[in-house]
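Hydrogens, waters and symmetry mates play no part in the numbers below; they use all other heavy atoms, side chains included. Fair warning: this is a prediction, and the values are worked out from it, not measured in the lab.
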Amino acid sequence: QVQLVESGGGLVQAGGSLRLSCTASGGTVSSYSMGWFRQAPGKEREFVARISRSGGTTLYADSAKGRFTILRDNAKNTLFLQMNSLKPDDTAVYYCAANPSSIGVVSSNPYWGQGTQVTVSS
């Protein structure tokens with residue numbers, strides 16, 4: 001069973017950048033499709049981006065297109081989310097998820113990290 005730990009969150013001004021990391025242990029990360037989700041206060045957890053096992057295929061939510069980039073380094077068992085041009089609406093707890101199949105809706109992904117807080121000030 002894979003364990004996921006996110007890091008890299010913090011406080012940043014609007015227009016700034018952050019790079020989130022998600023380190024996996026207890027399993028071979030290359031066996032899992034992986035993704036990023038976020039949850040703002042009072043809102044449901046929502047999809048941000050996902051990446052295939054090899055890293056060759058990615059998919060982004062409309063809110064992330066052109067600003068966020070999802071990457072993975074299977075040799076280091078690590079998933080990344082590079083976030084540029086951040087907006088106050090990006091404020092949320094960001095979670096990484098892993099799925100031996102394909103990353104789908106929240107309830108379909110069996111493995112989650114504990115989350116990392118991202119706060120974007122205006």
Side-chain angles (χ1 to χ4, degrees):
Q1 179 169 330
V2 65
Q3 291 85 42
L4 306 172
V5 178
E6 302 95 336
S7 61
L11 174 64
V12 63
Q13 289 188 331
S17 298
L18 280 176
R19 185 177 177 94
L20 306 183
S21 299
C22 172
T23 302
S25 61
T28 303
V29 72
S30 59
S31 299
Y32 299 89
S33 297
M34 301 190 75
W36 288 98
F37 291 74
R38 68 186 184 185
Q39 188 166 17
K43 295 186 177 181
E44 294 186 351
R45 193 170 299 188
E46 65 177 10
F47 168 77
V48 176
R50 71 183 189 196
I51 190 166
S52 61
R53 293 177 189 80
S54 67
T57 302
T58 58
L59 181 70
Y60 296 91
D62 288 345
S63 59
K65 286 179 183 176
R67 300 188 300 126
F68 294 3
T69 302
I70 187 170
L71 303 163
R72 66 189 298 163
D73 185 338
N74 287 341
K76 295 183 178 180
N77 276 354
T78 303
L79 175 73
F80 303 98
L81 184 68
Q82 177 67 43
M83 305 187 294
N84 299 327
S85 303
L86 284 162
K87 307 174 183 179
D89 283 350
D90 294 318
T91 295
V93 177
Y94 283 71
Y95 298 89
C96 66
N99 193 321
S101 180
S102 181
I103 289 292
V105 298
V106 171
S107 60
S108 70
N109 304 309
Y111 305 112
W112 293 89
Q114 84 290 346
T116 186
Q117 176 70 48
V118 171
T119 303
V120 184
S121 63
S122 57

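- Taking OG1 of T58 as the reference point, atom NZ of K65 lies at 10.5 Å (rounded to 0.5 Å).
- Tracing side-chain contacts under 4.5 Å through hydrophobic residues (I, L, V, M, F, W, Y), one never reaches Y95 starting from V48; they form parts of separate clusters.
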What side-chain donor-acceptor pairs closer than 3.5 Å can you find for residues 99-112, not counting sequence neighbours?
residue, atom, partner, partner atom, Å
N99, OD1, S101, N, 2.8
N99, ND2, S102, O, 3.1
N99, ND2, S108, O, 3.0
N99, ND2, N109, OD1, 3.0
S108, OG, V105, N, 3.3
S108, OG, V105, O, 2.7
N109, OD1, G104, N, 3.1
N109, ND2, G104, O, 3.1
N109, ND2, V105, O, 3.1
W112, NE1, N109, O, 2.8

Q. For I70 and L79, what are the C-alpha separation, side-chain angles and deciding distance, and is it a side-chain contact (heavy atoms from CB on, under 4.5 Å)?
A. CA-CA 8 Å; I70 187 170; L79 175 73; 3.8 Å; yes

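- Here the straight-line distance linking atom SG of C22 with atom CZ of R72 works out to 10.0 Å at 0.5 Å rounding.
- Taking OG1 of T116 as the reference point, atom CG of L81 lies at 11.0 Å (rounded to 0.5 Å).
- In this structure R38 satisfies the salt bridge (Lys or Arg N to Asp or Glu O under 4.0 Å) test together with E46, D90, sequence neighbours excluded.
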(Q) Show, in sequence, the C-alpha distance, side-chain angles and deciding distance for R19 and L71, and conclude whether the side-chain contact (heavy atoms from CB on, under 4.5 Å) test is met. (A) CA-CA 10 Å; R19 185 177 177 94; L71 303 163; 4.0 Å; yes

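- Two different hydrophobic clusters hold W36 and L59 under the rule that ILVMFWY side chains link at heavy-atom gaps under 4.5 Å.
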Q: Please test T23 against Q3 for side-chain contact (heavy atoms from CB on, under 4.5 Å), starting from the C-alpha separation and ending with a verdict.
A: CA-CA 8 Å; T23 302; Q3 291 85 42; over 6 Å; no

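- The side chain to side chain donor-acceptor pair (under 3.5 Å) test applied to N84 returns S17, Q82, not counting sequence neighbours.
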(Q) Set out, in order, the CA-CA distance, both residues' side-chain angles and the distance that settles side-chain contact (heavy atoms from CB on, under 4.5 Å) for V118 and L20, then state yes or no. (A) CA-CA 9 Å; V118 171; L20 306 183; 4.0 Å; yes

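- Criterion: ILVMFWY side-chain heavy atoms under 4.5 Å apart, direct or through other members. Under it, Y60 and V120 are part of a common hydrophobic cluster.
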Please tabulate, for the side chains in residues 6-15, all donor-acceptor contacts under 3.5 angstrom to protein atoms that are two or more places apart in sequence or on a different chain.
residue, atom, partner, partner atom, Å
E6, OE1, Q114, N, 2.9
E6, OE1, G115, N, 2.8
E6, OE2, C96, N, 2.8
E6, OE2, G115, N, 3.3

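- Side-chain contact between L86 and F68: present, with at least one pair of heavy atoms (C-beta onward) separated by less than 4.5 Å.
- The ring-ring contact (aromatic ring centres under 6.0 Å, His included) test applied to F47 returns F37, not counting sequence neighbours.
- Applying the side chain to side chain donor-acceptor pair (under 3.5 Å) test to residues at least two apart or on different chains, none of the pairs has a partner in residues 47-57.
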